Visitor: 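So that we are looking at the same thing, I have put the structure below in structure tokens.
Keep in mind that this is a model prediction, so the values were computed, not measured. Note that these values count all heavy atoms, side chains included, but never hydrogens, waters or copies made by symmetry.
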Amino acid sequence: FLSTRGLRSIPSLSQFRRLRYLWINNNKIQDLTFLIKNYHLTELYLNNNELTDISGALKHLRSLQILFLHNNELKKLGKTVKEFKGMTSLQTLNLFQNPLAYDPDYRLYVIYFLPSVQLLDRKLVTQRERESALHLYEPRRAWVMQSIAFGKRVGTSLGTTVGSSRCTQPARRPIMPSVLKWFGNVHVMDLPCSFCRVPFEDPEDAVLVRATTRSLMEFSSVDWNKVATCQERRLKNKAAEPLEKLTVQFR
């Protein structure tokens, strides 16, 4: 605990290699090279200092779960966030009251590039924010995921009528990835797995293929009031009428 001591610099803490919690907030720290050997840190409180750049100073802290950097002088959003990309356990992050926090897309940018963060600037990250971040920074992927995700409605016609469905437009043949075109009539299953994973050139083709391979559900119903019993069939002594059975299929 080294907070509120008016410190401008700190000697190397390399002798404390198992150090996990460190408070050095409310000082005048400008350099973080003293943390170069503290790989096991899980909580680090650097708020209310005079940090202007943290490049290369924190990226080795892969075990960090809580990081407070608010109220400093960090200006470059992309450069700062890049420092945190290897922190896959990071859940709580504070960057407010830094110049970079005034970027119009600051919050969505951090949410997109740091998916493990759950609490950003003392506010929970919502699923809506994650979806908005994906739409902003990877719109094509967001569109495909929304179209083919389980339980979502697919707007592409299958081209055939199944049961009670009313698809009237002819199905469009999907354009397979360009790498598959080189093999002519060779079946996809005969190709190496590395080729099978090539993305479609048009996201709509992925939607179409997903739609045509969805599971098929079938429901059958019979009006048992119209079905004669064994005794009635013996008494009537005549051929039974064809059974009325209604079957409906859904994709």
Visitor: Are side-chain heavy atoms of Gln91 and Ser116 found at a separation under 4.5 Å?
Guide: no

Visitor: State whether the number of non-hydrogen atoms from other residues, nucleotides or ligands found under 6.0 Å of Lys28 atom NZ is greater than 12.
Guide: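 Counting neighbours around NZ of Lys28, 12 or fewer heavy atoms of other residues, nucleotides or ligands fall under 6.0 Å, so no.
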
Visitor: Starting at CG of Leu46, measure out to OG of Ser3 and round the result to the nearest 0.5 Å.
Guide: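 Separation between the atoms: 11.5 Å.
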
Visitor: In terms of hydrophobic clustering (I, L, V, M, F, W, Y; side-chain heavy atoms under 4.5 Å; direct or indirect links), are Phe96 and Val81 co-clustered?
Guide: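 Phe96 does not cluster with Val81.
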
Visitor: Is there side-chain contact between Leu22 and Leu13, with at least one heavy-atom pair below 4.5 Å?
Guide: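 Yes, at least one pair of side-chain atoms sits under 4.5 Å.
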
Visitor: Can you find a pair of side-chain heavy atoms, one from Val110 and one from Leu93, that are under 4.5 Å apart?
Guide: yes

Visitor: side-chain contact (heavy atoms from CB on, under 4.5 Å) for Asp53 and Lys79? Distances and angles first, verdict last.
Guide: CA-CA 9 Å; Asp53 188 10; Lys79 201 173 181 180; 3.9 Å; yes

Visitor: Drop me the distance from Asp121's CG to Gln97's CD, to the nearest 0.5 angstrom.
Guide: 9.5 Å

Visitor: Do Tyr106 and Leu120 come within less than 4.5 Å of each other through their side chains, counting heavy atoms only?
Guide: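 Answer yes - side chains close enough.
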
Visitor: To the nearest 0.5 Å, what is the distance between CG (Asn38) and CD (Gln15)?
Guide: 10.0 Å

Visitor: Pairing donors with acceptors under 3.5 angstrom, does anything connect the side chains of Asn72 and Asn98?
Guide: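 There is no such pair between these side chains.
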
Visitor: For Ile10 and Ile24, what are the C-alpha separation, side-chain angles and deciding distance, and is it a side-chain contact (heavy atoms from CB on, under 4.5 Å)?
Guide: CA-CA 9 Å; Ile10 295 177; Ile24 49 178; 3.6 Å; yes

Visitor: Is there a donor-acceptor contact under 3.5 Å linking the side chains of Tyr112 and Asp105?
Guide: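 Side chains of Tyr112 and Asp105: no pair found under 3.5 Å.
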
Visitor: Would you say that Leu69 contacts Ile54 through its side chain, given a criterion of any heavy-atom pair below 4.5 Å between the two side chains?
Guide: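 The answer is yes; the side chains approach within 4.5 Å.
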
Visitor: Please check if the side chain of Glu83 supplies one atom and the backbone of Gly56 the other of a donor-acceptor pair under 3.5 Å.
Guide: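 Yes, the answer is positive, given that a donor and an acceptor are paired below the 3.5 Å cut-off.
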
Visitor: Tell me whether Leu41 shares a hydrophobic cluster with Leu7, the cluster being built from Ile, Leu, Val, Met, Phe, Trp, Tyr side chains joined at under 4.5 Å.
Guide: yes

Visitor: Step through it carefully: locate the ring centre of Tyr45, locate the ring centre of Tyr21, and say whether they are under 6.0 Å apart.
Guide: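 Tyr45 vs Tyr21: aromatic centres not under 6.0 Å.
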
Visitor: According to a 4.5 Å side-chain heavy-atom criterion applied to Ile, Leu, Val, Met, Phe, Trp and Tyr, with indirect links allowed, do Leu114 and Leu44 form part of one hydrophobic cluster?
Guide: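 The answer is yes; both residues are in one hydrophobic cluster.
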
Visitor: Side chains of Tyr109 and Asp103: closer than 4.5 Å at any heavy-atom pair?
Guide: no

Visitor: So if you build clusters from Ile, Leu, Val, Met, Phe, Trp, Tyr with side-chain heavy-atom gaps below 4.5 Å, do Phe34 and Leu2 land together?
Guide: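 The answer is yes; both residues are in one hydrophobic cluster.
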
Visitor: Check the surroundings of atom CZ in Arg130: do more than 12 heavy atoms from other residues, nucleotides or ligands lie under 6.0 Å from it?
Guide: yes

Visitor: Identify whether Phe1 and Ile29 are in the same connected component of the hydrophobic contact network (ILVMFWY, side-chain heavy atoms under 4.5 Å).
Guide: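 No, it is not one cluster - the side chains of Phe1 and Ile29 are not joined through contacts under 4.5 Å.
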
Visitor: In terms of heavy-atom contacts, does OH of Tyr39 have more than 12 from other residues, nucleotides or ligands at under 6.0 Å?
Guide: yes

Visitor: Which heavy atom in Leu32 sits nearest to a heavy atom in Ala57, and how many Å separate them?
Guide: CB-CB, 3.8 Å

Visitor: When rounded to the nearest 0.5 angstrom, what distance separates CE in Met87 from OG in Ser63?
Guide: 10.0 Å

Visitor: Give the intermediate values and the outcome of side-chain contact (heavy atoms from CB on, under 4.5 Å) for residues His70 and Asn48.
Guide: CA-CA 6 Å; His70 56 277; Asn48 298 289; 4.3 Å; yes

Visitor: What's the shortest heavy-atom distance between Val125 and Glu129, and which atoms?
Guide: CA-OE1, 3.5 Å

Visitor: Enter the distance from His60:NE2 to Lys37:NZ here, rounded to the nearest 0.5 Å.
Guide: 9.0 Å

Visitor: Does a donor on one side chain sit under 3.5 Å from an acceptor on the other, for Glu50 and Gln30?
Guide: yes

Visitor: I need the Arg5 CZ to Asn26 CG distance, nearest 0.5 Å.
Guide: 12.0 Å

Visitor: Under 3.5 Å, is there a donor-acceptor pair between the side chain of Thr42 and the main chain of Arg20?
Guide: yes

Visitor: Could you tell me if the side chain of Lys123 sits less than 4.5 Å from the side chain of Arg107, heavy atoms only?
Guide: yes

